[in-house]
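Let me begin by presenting the structure, written as structure tokens, before commenting on it.
For ligands, and for the atoms within them, numbers begin at 1 and follow the listed sequence. Nothing fancy with the numbering, it's 1 onward along the sequence.
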Amino acid sequence: MPRFALLRLLLPMMVGLLCAPAAAEDGYDLWLRYRTVEPQWQEGYRTAATAIVVEGESPTLAAARAELERGLAGLLGRPVPTTPEAAGDGAIILGTPRSSPLIAGLGLPLDRLGPEGYLIRSITLGGRRAMVIAGRSDVGVLYGAFRLLRLIQTRQPIDALDLAEAPRLERRLLNHWDNLDRSVERGYAGLSLWDWQKLPHFRDPRYTDYARANASIGINGTVLNNVNSNADILTPQFLEKVAALADVFRPYGIRVYLSARFNAPMAIGGLETADPLDPRVRAWWRAKSDEIYRRIPDFGGFLVKANSEGQPGPQDFGRSHADGANMLAEAVEPHGGIVMWRAFVYSDEVPTDRAAQAYDEFKPLDGEFRPNVIVQVKNGPIDFQPREPFHPLFGAMPRTPLMMELQITKEYLGFATHLVYLGTMWEEVLDADTHAQGEGSTVARVIDGSLDDYAHTGMAGVANIGNDRNWSGSQFDQANWYAYGRLAWDPDVTAGAIAGEWARMTWSNDPQVLEPIVGMMMDSHQAVVDYMTPLGLHHLMATGHHYGPGPWVDDLERADWNPVYFHRADREGIGFDRTASGSNSVSRYAPEVAARFGDAGTVPEEFLLWFHHLPWDHRMAGGRTLWDELVARYTRGVTAVAGMRQAWAALAPHVDAQRHAEVSDFLLIQQEEAQWWRDACLAYFQSLSRRPFPEGYAPPAHDLEYYKAIRTPYAPGN
Ligand code: GCW
């Protein structure tokens, strides 16, 4: 071999190694990766965090210690001792006034923290610098520990801290739509995490990682099973398994809740009725609740989907939603439990506009629910569409606590493969002004209870979690789990700030990487709205699985299952008239809002066709006709995805190969599907509008029949 041949062979590999980002990653670690900080940060962090001193003993404090040990060892690149003897300058001291005389003696202002808040403060103790992480409860301390780690993960200074935070909402829950056979309704991340068959004896370590991830963002409850529920979950056989999960989650401040099937007294209780006013039924639920609380003393309560989409409910027995909810509430009340009663109802018979049904059903019941009932309302009045105006119930039930239900899993947003950051969508809803009590009555203020002084507050996120290695089906869908938790903790954090935090922890603190990633995330929701349902269109998807476009579908049994019912396009125009000349569901909003939405001149353009039916040549604010604008929007959406692909491709040298490749492949799928959505919808709408494509805009690649013929059997989540 010539002298330099070997070197020549190895050199590119050596260079490659030097430039290559850290070890392969598959996304399992989520945002808790704890990779070692860059050299310029090490000295500072190491001197500010020299030892972990946990004052007190409890499973939760032990979890806080373990997380700090693990996190700091990773971030600082060396283990941090946890023995009191090791405490010198720079010790981190954790505890509550109850667990620690030392902390009790510091006279910290913990009172205003509430039961779950924390305080992190840099102090001097006996002449030495220290950092105290304190709460009124152990779980507050755990949250504080995660906060400290986040500060380091996002490269904030930690040597002069004075932070205090408490969650704004009481119940910050995930709703798993997981079935007992481990299939997940609208799940795109594999099977359910809950391996019922092996529970209670096998407690998959993954359950603990799930709890860690949730605790890190303040999620404090989980509804384990689908709202389309199976009564078997309430049998002793399953309750034993549920109790095992509750045991794993408890140290992390996470309570379990269950979806209750309303007719369980019949399905598993041997009764011939589930009438909520029947004494035997009431006794059955009381006994069932007592049994659950014997096994799980901190059981959170029940979530119920009743009289909606075929689920049983009180109306089957001539009773109201309030009768049903109150019966269950009475059963769990002695144990401190709550009932979350879903307002997502749409009647089997009444053919009125679905956008008004929940309002019409629940508004008259305001004030009739027991104090431990929360009515759970989806963000918008139809059903988790790519973009919806806020639900008119927000602000309309001052005497009934309302919690908001968001869908983290992307049923209508391209499943797992489309990169869509939902933080901006949720921010839009939370910031929306209901005008319930004058200007500034935002949805956030309704659900945080400040507007109407609710006794209970909460948010529910339909989980996007499954047993895929990366948990959420895609790397970027982890951001939606993260953003949900952060917003449930504080509905006023901005989507941009959350995206930045998540991207720093999940990808990199290098601005060269961070800025493009955050940019992609922040524009992604508008992009998907543009290529699926621009200008307030909604419910255009294919039947059943909801995968891909189906705006032409007009043959389903119920009128309001058909896309044509929602877009109402014909030769003359397009859009759903929800003003007084149409369904008038706009009248369910407060007068100021109804006036703004109800006027095609003042409604925000993004909701134009949600509320108005307009001629194809209607002039848009920007000067184009409605038809031309529609074409432009659909096209803009596809172009935006091409832009994301480019931005991502440029990051290849800076991102670990496996995750980079996965995202690249998914973006390719997204681009093809964005094009499919655009072309299919425009081919269809053009068959009605019979207008030419404006100059510079390509017509669809195929004719309408081609798109109509596309079938996607076995699409997941159905
Ligand atoms: O969005 C629809 C979904 C159903 C779901 C329902 C609901 C759990 O397509 O899969 O059922 O909403 O929220 O109850």
Side-chain angles (χ1 to χ4, degrees), residues 173-189 192 222-231 233 257-262 302-313 315 321 324-325 340-348 354-355 357-358 361-362 374-388 391 393 402-416 422 425 429 459-466 480 484 532-533 538-548 550 553 556-558 560-563 565-566 712 715-718:
L173 311 190
L174 287 177
N175 285 186
H176 288 268
W177 286 358
D178 294 18
N179 300 312
L180 302 185
D181 63 3
R182 298 193 74 181
S183 62
V184 180
E185 184 157 348
R186 312 308 176 185
Y188 313 106
S192 169
T222 179
V223 184
L224 297 175
N225 61 319
N226 192 352
V227 289
N228 290 329
S229 70
N230 185 325
I233 194 79
Y257 299 70
L258 292 174
S259 294
R261 190 166 175 86
F262 194 78
F302 294 123
L303 169 65
V304 187
K305 170 176 178 176
N307 293 119
S308 173
E309 299 185 319
Q311 292 301 301
Q315 294 177 338
H321 282 288
M340 295 163 290
W341 194 268
R342 293 177 90 227
F344 177 71
V345 296
Y346 65 92
S347 148
D348 291 340
R354 242 168 80 184
Q357 282 186 25
E361 189 97 47
F362 279 84
I374 311 184
V375 172
Q376 181 166 314
V377 182
K378 287 187 182 182
N379 57 287
I382 296 285
D383 186 10
F384 299 138
Q385 294 303 294
R387 175 177 261 143
E388 298 197 25
H391 200 297
L393 274 175
L402 300 185
M403 63 193 283
M404 183 156 75
E405 177 176 324
L406 303 170
Q407 196 181 44
I408 310 171
T409 191
K410 305 205 312 298
E411 174 181 358
Y412 298 101
L413 288 141
F415 296 6
L422 300 175
M425 174 168 103
V429 177
M459 228 195 253
V462 179
N464 65 350
I465 301 162
N480 294 325
Y484 165 71
M532 285 186 180
T533 53
H538 49 289
H539 210 292
L540 301 187
M541 66 287 166
T543 307
H545 47 62
H546 300 162
Y547 175 68
V553 175
L556 303 178
E557 191 187 322
R558 276 180 66 135
D560 63 355
W561 285 348
N562 291 296
Y565 169 92
F566 291 96
T712 50
N718 190 17

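Here the rule is side-chain contact (heavy atoms from CB on, under 4.5 Å) with L174, and of N464, L224, V223, I465 only I465 fits it. Each of V462, L422, N379 was checked for a side-chain contact (heavy atoms from CB on, under 4.5 Å) with Q407, and the lone residue meeting it is V462. Each of R342, R186, K378 was scored for a salt bridge (charged side-chain N to carboxylate O under 4.0 Å, His left out) with D383, with one residue passing: K378.
Note on ring orientation: taking the six-membered ring where Trp is involved, the planes of H546 and Y412 are parallel (angle under 30°, cut-offs 30° and 60°).
If you take CH2 on W341 and CZ on F262, they are separated by 5.0 Å, rounding to the nearest 0.5 Å.
Around ligand 1 you find W177, E185, R186, N226, V227, N228, K305, E309, R342, F344, K378, D383, E411, Y412, H546, each with a heavy-atom distance below 4.0 Å.
Ring to ring, F415 and Y547 are close: their centroids are under 6.0 angstrom apart.
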